[in-house]
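Right, I'll just put the structure down here and ask away after.
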Amino acid sequence: MNGVKAVKGKERHARGESGDASVGVKSGGGSAPVKAADAAGRVKASDSDSAASGKAGGAHARVNGDDGRARGKGDARVDGDNGHPGGKSDEGRPRGKSDDGRRPGGKGDDGSPRRTDPPAPRADDSSRRGDDVGVWDDGLIARRVSENAAAAAAEQAGAREARGPGAQPAATLALDGPLRSRLDALRELVGLSRARLDSKTLAEAGKVLDEAASRRRLSGRHTVVAIAGATGSGKSQLFNALAGVTISETGVRRPTTASPIACSWSDGAGTLIDRLGIPGRLRRRPVQSPEAEAQLQGLVLVDLPDHDSAAVQHREQVDRILTLVDAVIWVVDPEKYADAMLHERYLRPMAGHAEVMFVVLNQVDRLPGEAAELVLDDLRRLLDEDGVALGEYGEPGAAVLALSALTGEGVGELREVLGQFVAERQAPARRIAADVDAAASRLRPVYTTGRRAGLSEEARDEFAARLADAVGATAAGEAAERAWLRNANRACGTPWLRLWRWYNDRREPPTGRMRLRPPADEEATARQRVEQAVRTVADRASAGLPVPWAQAVREAAVRGAHGLPEALDELAARAGLPPGKPPRPGWWPVAVLAQASMTILQIIGGLWLVGQIVGFMAPNLGVPVLLMVAGIVGGPVVEWSCRMAARGPARRYGQDAERRLREAAAGCGRARVLDPLASELLRYREVREQYGKVVGVG
């Protein structure tokens with residue numbers, strides 16, 4: 001009977017099925033007292049720290065941490081050859097229960113203690129069991145006890161990692177100068193953009209800054225690597241293979257992994273795992289091996305739920321933890337390596353994180369011949385289409401490997417690559433840099449368009465000219481020129497002409513220099529010209545800007561346009577023609593004296609002729625006629641000469657008046673419109689400069 005059971009135990013172990021950690025054997029004779037004594041000894045040993053033992057009367061083994069708390073959490077129980085928690089016996093009953101469904105070691109219906117089968121002896125009890133050793137000498141129990149002891153040590157270390165008060169804080173993460181500069185530039189960029197961009201647009205950049213600051217405060221000697229994959233890809237098998245002990249549950253039931261499980265190869269990673277939100281009951285330590293400890297020192301491996309799980313909370317956990325880990329191992333299988341959800345939802349958006357990404361083709365033992373290489377080549381092609389850089393020929397990028405977690409083929413290569421990756425201690429910084437790149441890439445449309453932006457001098461001059469036309473600067477200059485010529489004509493004209501003009505002025509009401517109120521249609525036209533000028537300069541200033549900044553420029557122009565027509569009207573009244581008469585040049589007194597001389601000659605010649613007519617003077621027509629002709633002809637000649645000489649000063653006077661009005665209008669437009677536009681453009685140039693630093697250009 002014992003031999004048959006031993007053979008059955010070997011068969012179950014070879015098939016990978018879950019079995020009991022202790023096998024109950026019915027034997028007669030005097031072995032019962034020996035087994036009972038051994039069970040009592042094992043129960044006593046389970047009360048000490050760091051002991052992995054089977055409980056007396058139990059149908060499965062329990063693996064307890066040194067503080068005794070892990071068992072109460074519900075995940076410290078490891079059953080069967082592969083350590084599946086909560087497994088079932090060969091008869092289909094839940095493990096740890098008797099035939100009637102009640103736990104062994106309890107009480108019967110009559111209140112008496114229920115009889116239970118004694119637990120299996122341990123492999124190291126051979127010196128005390130004597131002849132009984134041959135009953136268990138199939139190696140199965142020894143292997144199970146080794147697995148249970150390794151799992152117990154893993155849970156014990158995980159609990160100590162999570163709750164140990166004596167744990168020493170690890171050195172915080174140190175970033176190099178360029179990456180710190182990029183983070184500072186991103187922080188400055190967000191600060192400068194808060195008034196121009198909505199909070200939703202800046203949310204991702206703010207999250208990157210928060211997560212980077214959080215990661216910098218934690219250990220820099222550890223690298224957190226998540227194992228992610230679809231349902232049935234074998235990621236939990238790979239997780240157990242890397243840990244060297246069955247930690248994560250595997251099986252055909254889907255979804256298998258319901259909560260993330262963390263496994264740390266060294267102490268000091270408790271705060272990192274706390275950041276992931278993984279409770280202490282789901283923290284483990286790998287099998288204690290000096291070689292594994294040295295190779296994967298500083299690794300924190302996290303087994304994630306299926307990213308395509310039917311349970312929404314599982315997918316949410318995957319998405320949340322993927323944003324917090326330092327690197328990701330994507331596990332695919334020959335059936336789902338081209339799954340659209342994997343590529344469109346994860347690999348393609350995370351293409352910039354290729355340097356902290358591993359893509360593992362699992363279950364290659366199912367592919368015959370060269371099929372594995374063909375599938376691997378097709379996987380590389382899909383990754384290339386997703387934009388994921390492949391780390392081949394010494395180039396930085398994602399490592400693509402093929403392995404079988406079931407048979408162990410290729411697992412050693414992955415462990416070696418992963419150990420080298422962890423030993424570099426560059427994964428956290430690379431992850432932060434990739435997050436900054438991703439945030440900068442998503443913010444690119446709101447900071448750059450690839451076109452030149454700004455307000456040219458030509459556009460400024462055109463805006464000033466439009467405002468000058470709106471206030472009538474040209475007409476005011478022409479009016480000033482006419483006023484100067486009119487004043488010159490009055491000052492240098494003949495007395496008779498001046499007398500005639502005086503008479504006409506007395507007959508008609510003088511308009512003089514009094515400005516009449518322009519008609520209402522002219523005011524409306526001037527206002528429309530001002531609005532058109534503002535719209536034109538705003539369009540020119542916003543050309544080439546991203547949409548948010550172009551909108552900010554237009555809004556600044558609209559705010560400046562309020563009250564601009566009224567301000568220009570007041571300005572035109574103040575900066576128009578100065579009060580009084582136009583100034584006179586230095587040659588005007590000479591011209592007035594010459595005109596007076598011509599008038600005197602006319603008077604002298606006329607009086608001479610009158611004296612001759614009345615006989616007061618001797619007759620002599622030549623001299624008085626000559627004097628009168630000289631006066632009559634000389635007066636208009638002097639007036640014409642003065643008019644010719646006055647054209648230049650009159651033109652300059654009109655140009656000065658026009659220039660003053662143009663400058664005043666331009667100053668008003670600059671203060672109300674151009675300066676706010678320039679301020680917005682300056683802010684945009686500042687954010688462009690900071691954005692250049694974020695992307696590593698500036």
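We use all heavy atoms of the structure for the numbers below, so side chains are in, but hydrogens, waters and symmetry mates are not. For this chain, numbers begin at 1 and follow the sequence in order.
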Any chance you could measure Q237, atom CD, to L242, atom CG, to the nearest 0.5 Å?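 So the CD of Q237 and the CG of L242 are separated by 12.0 Å.
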If you define the side chain from C-beta out and look only at heavy atoms, does anything of D319 sit under 4.5 Å from E316? no
So E392 and R380, side chain to side chain contact (heavy atoms under 4.5 Å, CB included) or not? Walk me through it. CA-CA 11 Å; E392 299 176 345; R380 291 191 181 99; 2.9 Å; yes
Just verifying a value: how many Å separate E680 CD and W549 CH2, rounded to the nearest 0.5 Å?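 It is 7.5 Å, given to the nearest 0.5 Å.
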Regarding D198 and T201, do their side chains bring together a donor and an acceptor under 3.5 Å, going by distance alone? yes
Expected output: side-chain Y691 to main-chain V446 donor-acceptor under 3.5 Å: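 No; zero donor-acceptor contacts below 3.5 Å.
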Would you say D333 and L361 make side-chain contact, with heavy atoms under 4.5 Å?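 Side-chain contact under 4.5 Å: no.
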Determine whether a donor-acceptor pair (N or O, by modelled atom type, separation under 3.5 Å) exists between the side chain of T449 and the backbone of G544.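 A pair under 3.5 Å: yes.
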Any sub-3.5 Å donor-acceptor pair from R315's side-chain atoms to S309's backbone N or O?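 Between the backbone of S309 and the side chain of R315 there is a qualifying donor-acceptor contact (under 3.5 Å).
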Answer yes if the side chains of Q363 and R366 hold a donor-acceptor pair under 3.5 Å, and no otherwise.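 A pair is found: one side chain offers a donor N or O, the other an acceptor, under 3.5 Å apart.
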Decide yes or no for I247 and R283: does some side-chain heavy atom of the first lie under 4.5 Å from some side-chain heavy atom of the second? no
Report the C-alpha distance between D437 and R442 in whole Å, list the side-chain angles of each, state the deciding distance to 0.1 Å, and finish with yes or no for salt bridge (charged side-chain N to carboxylate O under 4.0 Å, His left out). CA-CA 9 Å; D437 290 337; R442 291 184 177 89; over 6 Å; no
Ignoring hydrogens and angles, state whether a donor on the side chain of R275 or S214 is under 3.5 Å from an acceptor on the partner side chain.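 S214 and R275 do have a side-chain donor-acceptor pair below 3.5 Å.
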Are the side chains of V225 and V302 in contact, using a 4.5 Å heavy-atom criterion?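 Side-chain contact under 4.5 Å: no.
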If we ignore hydrogens and angles and just use 3.5 Å, is the side chain of K336 paired with the main-chain N or O of A230 as donor and acceptor? no
Atom CG in L238, atom CZ in R415: separation rounded to 0.5 Å?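 Separation between the atoms: 9.0 Å.
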Quick check: does any side chain N or O of H343 sit under 3.5 Å from a backbone N or O of Y337, one acting as donor and the other as acceptor? yes
Please tell me if the side chains of L218 and L173 come closer than 4.5 Å, counting only heavy atoms from C-beta onward. no
Taking it one step at a time, do R430 and E424 satisfy salt bridge (charged side-chain N to carboxylate O under 4.0 Å, His left out)? CA-CA 11 Å; R430 291 174 184 172; E424 293 175 355; 3.2 Å; yes
Under 3.5 Å, is there a donor-acceptor pair between the T223 and D326 side chains?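 The answer is no; no qualifying pair exists.
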Would you confirm whether S679, through its side chain, and D675, through its main-chain N or O, come within 3.5 Å as a donor-acceptor pair? no
Whether F358 and F421 hold their rings parallel, tilted or perpendicular, with breakpoints at 30° and 60°: perpendicular
Backbone N/O of I261 and side chain of R284: donor-acceptor pair under 3.5 Å: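 No, because the side chain of R284 does not come within donor-acceptor range (under 3.5 Å) of the backbone of I261.
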Begin with the C-alpha distance, continue with both residues' side-chain angles, and end with the deciding distance and a verdict on side chain to side chain contact (heavy atoms under 4.5 Å, CB included) for V224 and I273. CA-CA 8 Å; V224 184; I273 305 177; over 6 Å; no
Step-by-step side chain to side chain donor-acceptor pair (under 3.5 Å) determination, H353 to D435: CA-CA 8 Å; H353 296 70; D435 289 341; 2.6 Å; yes
Can a donor-acceptor pair be found, under 3.5 Å and without considering hydrogens, that links the side chain of R431 to the backbone of V325?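 Present.
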Going by heavy atoms in the side chains, are K235 and I329 under 4.5 Å from each other?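 No, their side chains stay 4.5 Å or more apart.
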Run the ring pair (Phe, Tyr, Trp, His ring centres under 6.0 Å) test on Y346 and W330 for me, step by step, so that the C-alpha distance in whole Å, both residues' side-chain angles and the decisive distance to 0.1 Å come before the verdict. CA-CA 10 Å; Y346 294 102; W330 291 103; 5.3 Å; yes
Could you check whether R345 pairs with D308 (Lys NZ or Arg NE/NH1/NH2 to Asp/Glu carboxylate O, under 4.0 Å)?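 Salt bridge absent between R345 and D308.
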Do R320 side-chain atoms and L276 backbone N/O form a donor-acceptor pair below 3.5 Å? yes
Does atom CZ of R381 have more than 12 heavy-atom neighbours from other groups under 6.0 Å away?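 Yes, enclosed.
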What do the steps show when you test N240 against T246 for side chain to side chain donor-acceptor pair (under 3.5 Å), and what is the final call? CA-CA 5 Å; N240 296 334; T246 301; 4.9 Å; no
Could you check L189 against S193 for side chain to side chain contact (heavy atoms under 4.5 Å, CB included), going step by step and ending with a plain yes or no? CA-CA 6 Å; L189 181 67; S193 306; 4.2 Å; yes
How many angstroms lie between atom OG of S219 and atom CG of L272, to the nearest 0.5 angstrom? 5.5 Å
Would you give the length of the straight line joining atom CZ of R221 to atom CD of Q297, rounded to the nearest 0.5 angstrom?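 Atom-to-atom, R221:CZ and Q297:CD are 8.0 Å apart.
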No-hydrogen, no-angle side-chain donor-acceptor test under 3.5 Å, S233 and N362: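 No, N362 and S233 have no side-chain donor paired with an acceptor closer than 3.5 Å.
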pair V553-L545: side-chain heavy atoms closer than 4.5 Å: yes
Give the C-alpha distance, both sets of side-chain angles, the deciding distance and a yes or no for side chain to side chain contact (heavy atoms under 4.5 Å, CB included) between E416 and V411. CA-CA 9 Å; E416 181 180 354; V411 176; over 6 Å; no
Is D386 reaching over with its side chain to a backbone N or O of L347, donor-acceptor style, under 3.5 angstrom?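 Here the side-chain-to-backbone pair does not exist.
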